[in-house]
Amino acid sequence: MNKPSNLFIYGKTGTGKTVSVKYTTNSLLETAFKNKIPLKVVYVNCKLKKVSDTEYRLVAQLAKEFGKMIPATGLPTDEVYKIFFKAVDSKNQIVILILDEIDQLAKKAGDAILYNLTRINEELRKSQLSIIGISNDLVFVDNLDPRVKSSLSEEEILFPPYNALQIQDILRERAKLAFKQGVLSNGVIEKCAAYAAREHGDARRALELLRVAGEIAERSGSQKVLLKHIDLAENKIERERILDAVETQPKQFQAVLYSLILLSKGKNLVFYTGDIYDVYKDLCDKINLRPLTQRRVSDIIGELDMLGIINARIISKGRYGRTREITLSTSKELTQKIEVLLKTALDID
DNA sequence: CCTCCACAGGAAGCGCAGGAGT
DNA sequence: ACTCCTGCGCTTCCTGTGGAGG
């Protein structure tokens with residue numbers, strides 16, 4: 001029983017990394033089962049908030065996969081490590097640990113975790129542990145602690161992004177199963193692929209786009225999926241993403257966003273952090289919300305920017321200081337919908 | 001060339017929630 | 001009941017800075 005190498009996989013989103021790994025490990029599990037080799041595969045997505053985006057939660061999640069329940073908080077971290085370690089080493093087995101979106105984890109919680117994990121392997125007596133790291137960030141591995149780097153990337157695989165032609169192939173495969181022949185009008189596949197290729201070759205996006213376009217065509221009573229349905233689909237996907245994001249934000253985030261919407265009713269379209277903060281403070285007064293400091297609001301603006309709800313970029317107004325230049329990134333209709341949504345959420349009027 | 005604005009954004013740390021052990 | 005641990009949102013205090021106006 002040779003110790004399997006650690007493996008590092010990187011490539012942009014939607015290039016099939018996760019699917020490939022899952023497929024491979026599944027067939028590995030089958031072979032192992034046939035030959036009575038004790039193999040366990042654990043898959044963890046490090047990006048999922050509230051599950052495993054900190055050291056404690058990751059290890060707790062891992063332990064959970066081995067049937068050990070760990071509370072969300074309360075234990076010292078090294079205690080959790082011990083529980084996990086014991087669970088792995090409790091019997092003869094090979095364990096494959098898949099850490100998806102590992103770059104997110106290291107960015108948020110530091111690479112000490114990865115070092116600890118790779119070291120566990122050396123201390124295991126009975127079992128063997130092999131780590132598969134999946135990263136969307138291509139340069140991520142270069143910024144790692146050299147010790148982690150050498151042990152984690154014993155083997156490396158790069159998934160290049162799909163180009164438009166490859167996405168077309170994928171879409172055609174899927175279209176055969178999902179659509180009756182001739183339903184897709186000319187150029188629909190090509191257009192979907194082109195959209196997705198522009199988004200760094202994300203095949204998942206392309207498939208979703210095609211699916212939603214199909215739904216829209218069906219609902220509008222069209223016999224065929226037309227090019228315009230793709231535009232509508234892209235619009236719809238984006239709109240729903242934003243509305244969903246807005247609705248699930250905490251109250252303070254919603255208040256900051258609402259302040260920006262209030263400002264945008266004037267004739268200006270571009271605002272600065274200070275403008276928003278002033279309006280925000282007034283708003284807090286009105287709706288009985290404890291105002292946060294400008295420092296915090298500044299972070300919130302940054303996070304709203306990350307969500308794509310607003311655009312914020314740092315500019316310098318020379319003598320008049322350095323600040324963020326902020327605009328709404330949504331269309332008029334969408335902004336109105338958001339406004340209505342926020343009014344209910346914040347209990348205004 | 002220097003100054004100085006209006007913030008950006010890093011660092012430390014606080015208070016709370018929630019859980020374990022004793 | 002009490003101590004010890006963690007995560008999380010937040011405050012406080014701080015240093016850094018691009019470029020218009022002097």
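What you see is a predicted model, and the numbers here were worked out from it, not measured in a lab. When reading the values below, keep in mind they use all heavy atoms of this one structure, side chains included, and skip hydrogens, waters and symmetry mates.
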inquiry  = Using the rule given for side-chain contact (heavy atoms from CB on, under 4.5 Å), can you reason through A:Asp169 versus A:Tyr162, listing the C-alpha separation, both sets of side-chain angles and the distance that settles it, and then say yes or no?
reply    = CA-CA 10 Å; A:Asp169 287 342; A:Tyr162 293 118; over 6 Å; no
ask   = In whole angstroms, how far is the C1' atom of C:dT11 from the CZ atom of A:Arg290?
value = 9 Å
ask   = Mind checking who shares a hydrophobic cluster with A:Leu165, ILVMFWY linked at side-chain heavy-atom distances under 4.5 Å?
value = none
note = In B/S/- notation (B base, S sugar-phosphate only, - none; protein heavy atoms under 4.0 Å), nucleotides 4-11 of chain B written 5' to 3' is SBBBSBB-
ask   = Under a 4.0 Å N-O cut-off, is there an ion pair linking A:Asp299 with A:Arg295?
value = yes
note = Connected to A:Ile314, directly or through other members, by ILVMFWY side-chain contacts below 4.5 Å are none
inquiry  = Between the side chains of A:Glu208 and A:Arg205, is the shortest nitrogen-to-carboxylate-oxygen separation below 4.0 Å, so that they form an ion pair?
reply    = no
task = Apply salt bridge (charged side-chain N to carboxylate O under 4.0 Å, His left out) to A:Lys191 and list each qualifying residue two or more places apart in sequence or on a separate chain.
result = A:Asp231
remark   = Sorted by chain and residue number, the salt bridge (charged side-chain N to carboxylate O under 4.0 Å, His left out) partners of A:Arg324 (sequence neighbours excluded) come out as none
inquiry  = Short of 4.0 Å, heavy atom to strand atom, which residues of residues 277-288 of chain A count as contacting DNA chain C?
reply    = none
note = CG of A:Leu158 to NZ of A:Lys17, rounded to nearest 0.5 Å, is 10.0 Å
